[in-house]
Number of protein chains: 2
Amino acid sequence: MARNETRRRELADAGLRVLARDGARGLTHRAVDGEAGTPVGTASNYFRSRDALVRGLVERIYERLTPDPEVHAELAARTPSRALFADYVRDIVTRLTAERDTTIALFELRLEAARRPEVAEVMTAFQRESFAGDVAFYLAAGLPGGAFEVALFHYAIDGLLLDRLTTSIDPDTSTDAVVDALVEGLLPGGSTA
Amino acid sequence: MARNETRRRELADAGLRVLARDGARGLTHRAVDGEAGTPVGTASNYFRSRDALVRGLVERIYERLTPDPEVHAELAARTPSRALFADYVRDIVTRLTAERDTTIALFELRLEAARRPEVAEVMTAFQRESFAGDVAFYLAAGLPGGAFEVALFHYAIDGLLLDRLTTSIDPDTSTDAVVDALVEGLLPGGSTA
DNA sequence: CGATAATCACTACACCCGTTGTGATTGGAG
DNA sequence: CTCCAATCACAACGGGTGTAGTGATTATCG
């Protein structure tokens, strides 16, 4: 009997929903079964321990958040420019805001990584890869600077997402306007209004 | 017998340490007692339920993170300028980085606020107040713009702190350099290198 | 100084969780 | 078709957790 990867994914997705909705405290084997609609014990069969469950969730996030190659290709085909990069950033923000559960779960796992080295390991790999991709795109767009500038964007966007997904200090401001302002300010060579 | 506020604070501080070290999952009455060195049952006496405990932690954070009036006054006495604001931001980042436990606990509570309205209430009050203070300082420094620009800083700095306190994408870059670049870019009227 | 009320240490209970084990079921290889 | 190995559903247990309750202690006030 083949390893049932589909069901494993479903369970992991259910786990991410639970993690987003109920927090680390609510993430239990039984809760995952409840969310996935599987009989009690199923999650426990697929992820033999709670650590294994968390690791499974990180790997699933890794799978879900790697950028869509189509969108990526489409963007890469366009003429490199400042506006192109703005679109790139906006796409990321839109996607992560839409996938609220995944993004909140991601924040939970980042905090978990601060405590558990094994989680940190998978997490670091994911972040580094994602970061490297962003830098590559940035350079391909012919923009000045490099890793340092992209890191600035990462910080700002993480903070923006956290604000948007939790208690916001400025809920009335359009998210796009914020992204535009960030691109304007953090990209070298911007207007200085 | 008077309400023992000192002990209540000690318990809350212990709770914040536990929350930072073990996460929401590890935050239990008994763990708080263990951390505080008080007999089992003490935390449960002071915070009658787990919800009450969490609320107590938020209130304690509120207490601990309100800016030091001395430092604030000292800064306010200086000539308003771009460099002054940079120092202001740097002070905040330094303080929050040093108080690692508190800051991580704060992130935990922000995620918790996304789930529990009662936590969100206290959290919103705290953030709004802190934000208003920053805006006031920003305006007093005679800098162009206002709430919108300060919000940008908030996002960027939250993201920076999260990066610094968990798995960093760019651990070798100096935090001060990042802050400088943010001030340079996000403050209207900066150089455009 | 005595009354009073809250703190404090400690106990007890019901509940839930992680983990492990055990047959029944299932689908593919020989 | 037959056998085999992995999946699956389910049960059980040891441990930890939230919560409430109970006297003893102690500080404060009339």
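Every chain is numbered from 1 and lettered A, B, ... according to where its sequence line falls, protein lines coming before strand lines.
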(message) Would you say the rings of B/Phe131 and B/His154 are close, in the sense that their centroids are separated by under 6.0 Å?
(response) yes

(request) Report yes or no: does B/Ser130 contribute a side-chain atom to a donor-acceptor pair with the main-chain N or O of B/Phe126 at less than 3.5 Å? (result) no

(message) Please confirm whether the shortest side-chain N or O distance from B/Thr42 to OP1 or OP2 of C/dA9 is below 4.0 Å.
(response) yes

(request) For A/Arg48, answer base if it contacts any base atom (sugar-phosphate contacts may also be present), sugar-phosphate if it contacts only those atoms, and nothing otherwise; contact means non-hydrogen atoms under 4.0 Å. (result) base

(message) Using a 3.5 Å distance criterion without hydrogens, assess whether the side chain of A/Thr103 forms a donor-acceptor pair with backbone atoms of A/Leu96.
(response) yes

(request) Let me know the distance between CG of A/Asn45 and P of D/dC10, rounded to the nearest Å. (result) 12 Å

(message) Can you pull out the residues from residues 25-41 of chain B that lie within a 4.0 Å heavy-atom distance of DNA chain D?
(response) B/Leu27, B/Thr28, B/His29, B/Arg30

(message) When you measure from the side chain of A/Gln127 to the backbone of B/Thr167, do you find a donor-acceptor pair of N or O atoms at a distance under 3.5 Å?
(response) yes

(request) Identify whether A/Leu53 and A/Val40 are in the same connected component of the hydrophobic contact network (ILVMFWY, side-chain heavy atoms under 4.5 Å). (result) no

(request) Write down the distance between CZ (B/Arg50) and P (D/dT19), rounded to a whole number of angstrom. (result) 9 Å

(message) Determine whether a donor-acceptor pair (N or O, by modelled atom type, separation under 3.5 Å) exists between the side chain of A/Tyr155 and the backbone of B/Val178.
(response) no

(request) Looking only at side-chain atoms of B/Arg7, point me to the closest of C/dA9, C/dT19, D/dG18. (result) C/dA9

